[in-house]
Amino acid sequence: MNKAAFGVIGLGTMGRNLALNIESRGVAVAVWNREQEWTDRFVGENAGKAFTGTASLEALIETVEHPRRILMMIPAGAPVDEMLERLQPLLQRGDVLIDGGNSWFEDTARREQALRVDGIHFVGCGVSGGEDGARNGPSLMPGGSTVAWTLLQPVLEAIAARTEAGPCVTHVGPGGAGHFVKTVHNGIEYADMQLIAESWDLMRRGCGMSAAETAEVFAAWNKGPLESFLIELSAQLCRVKDPVSGQPLVDLVLDKAGQKGTGKWTVQAALEIGIAVPTIAAALDARVLSSLKEERVAAATVLAGPQVQAGAAGEELLRDLPAALYAARICVYAQGFALISGASRIHEWRIDIAEVARIWKAGCIIRARLLDPLRRAFSSTPGLPNALLDPSMARAVADAQSSWRRVISRGVADGIPVPAHATALAYYDSYRSARLPQNLTQAQRDAFGAHTYERIDQPGKQHSDW
Ligand code: 6PG
């Protein structure tokens, strides 16, 4: 029997598309799925291609050449642990097992250690780009050992999206580093989606624009510094008409945002190590509040807001919006990169932030033109504490800030919620304040709880009889 060079476990949308992508690069792939019909159907539909369907995990392991490279695309959480329990006794020293799902990085670190005992390399690999990315070129964020990376590199580089700076994959770092970076990617995704949604709301309610008109605005923005997958997608979505009613389909979508948990994980991880990611947290809260649809509908009849005529904000708001969105987006990436740097320091992952910016430039959901200057910022100053301190980023925000402040003021004055925009601006204003009012906070803590404080003019801890 011909051996396969790669194995794929799990033939859901992502697993199937990654298997097709890998095979299309001239790599023979053995596949296994829990429901055997899926395996049979997949192999049947792809007759003539270098796939081998296997009926058991034992058969899969038997079919893939040693050292094995096997990718699991199965739901995160307990299913991964159950699968590892079944695979660990079957795999051999030197084999590489990849978890391509959105797993919690601490689970990944634990699993990596557990498999290392038997000499098996476990790689938690972030995969971004959805269905299309998986098939045609995702952004890949593998963690784990350098030995595993050496074995995986040729295949991962072949299947990843590409830019002029190479394939969108890099060895992120040891242990759970890859999954951590993917989690933060999703946190940035949440915040950027929320910023776009708020900007859209301002166009709809503030400027009184139709969905079709906003599509044209998004399309125009996408030709400038805001160019990104999510802006391009928004333009496309706002053009779609419901085939039955003829209305814009987006207007028929219930305004309750779902979430699978990676945004929450980003905020939890940030809280855990004390890195501020207020805009990601605001995006998360916005989804939570949106889900209270029935309560909001009831509250809308009792809670008063400003009496503003729809569309009264007009031209100035529309002119200011792209600059505001650009400045806020810079702050979101600054928060995300600060979180990755902080975690990398604590866990000793030695993550190269410029490389992360490089591999996010194509294939993934948050791909954006902004990642080019961000990459330049972190490659010219590798230890940069915050992206906002890079001269080009600082200039970009300075140039945009009048517009940004007017946009937020407009939202506040008209009662249109702009939590992500406002927290991004508050982040910027706090970070650039040499003196903040937390001296009063410290005085309060010392006064009511004798928690002590430090003085600006003397070293050491102080306590006063306030
Ligand atoms: C990606 C996406 C992907 C998925 C998110 C959606 O990078 O391809 O981020 O991982 O779409 O998990 O997350 P929510 O369901 O939480 O919005």
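All figures in this text were calculated on a predicted structure; none of them were measured in a lab. One-based numbering, in listed order, for ligands and for the atoms of each. Here, residue 1 is the first one in the sequence, and each next residue gets the next number.
Ser228 and Arg329 share a donor-acceptor pair across their side chains, judged by distance under 3.5 Å alone. No hydrogens or angles considered: nothing links the side chains of Glu232 and Gln236 as a donor-acceptor pair under 3.5 Å.
Summarising the geometry, atom CD belonging to Glu272 is positioned 11.5 Å from atom CG belonging to Leu339; distances are rounded to the nearest 0.5 Å. Note that the OG atom of Ser234 and the CH2 atom of Trp200 stand 9.0 Å from one another [nearest 0.5 Å].
Ranking protein heavy atoms by distance to atom 5 (C) of ligand 1, first place goes to Asn186 ND2, 3.7 Å. Taking atom 15 (O) of ligand 1 as the reference point, the nearest protein heavy-atom neighbour is Lys260 CG, 3.2 Å. For atom 16 (O) of ligand 1, the closest heavy atom belonging to the protein is Tyr190 OH, 2.4 Å. Regarding atom 3 (C) of ligand 1, its nearest protein heavy-atom neighbour is Lys182 NZ, 3.9 Å. Protein heavy atom in closest approach to atom 12 (O) of ligand 1: Asn102 ND2, 3.3 Å.
Residues Pro67 and Val96 form no side-chain contact, since every pair of their non-hydrogen atoms from C-beta on lies 4.5 Å or further apart. Contact of the Asn21 side chain with the Pro138 side chain is registered, since non-hydrogen atoms from C-beta on lie closer than 4.5 Å.
By the 4.0 Å heavy-atom criterion, Gly130 is counted among the residues contacting ligand 1.
Close contacts between ligand 1 and Ile365 involve ligand atoms 1 (C), 2 (C), 7 (O), 8 (O) [criterion: under 4.0 Å to a heavy atom].
Inclusion of Gly129 in the set of residues having an N or O under 3.5 Å from an N or O of ligand 1 is warranted.
Looking at Glu189, His185, Met141, Arg287, it is Glu189 that brings a heavy atom closest to atom 2 (C) of ligand 1. Looking at Ser128, Ala134, Gly126, it is Ser128 that brings a heavy atom closest to atom 1 (C) of ligand 1.
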Asp251 and Asp242: CA distance, side-chain angles, deciding distance, side chain to side chain contact (heavy atoms under 4.5 Å, CB included) verdict: CA-CA 9 Å; Asp251 287 345; Asp242 172 45; over 6 Å; no
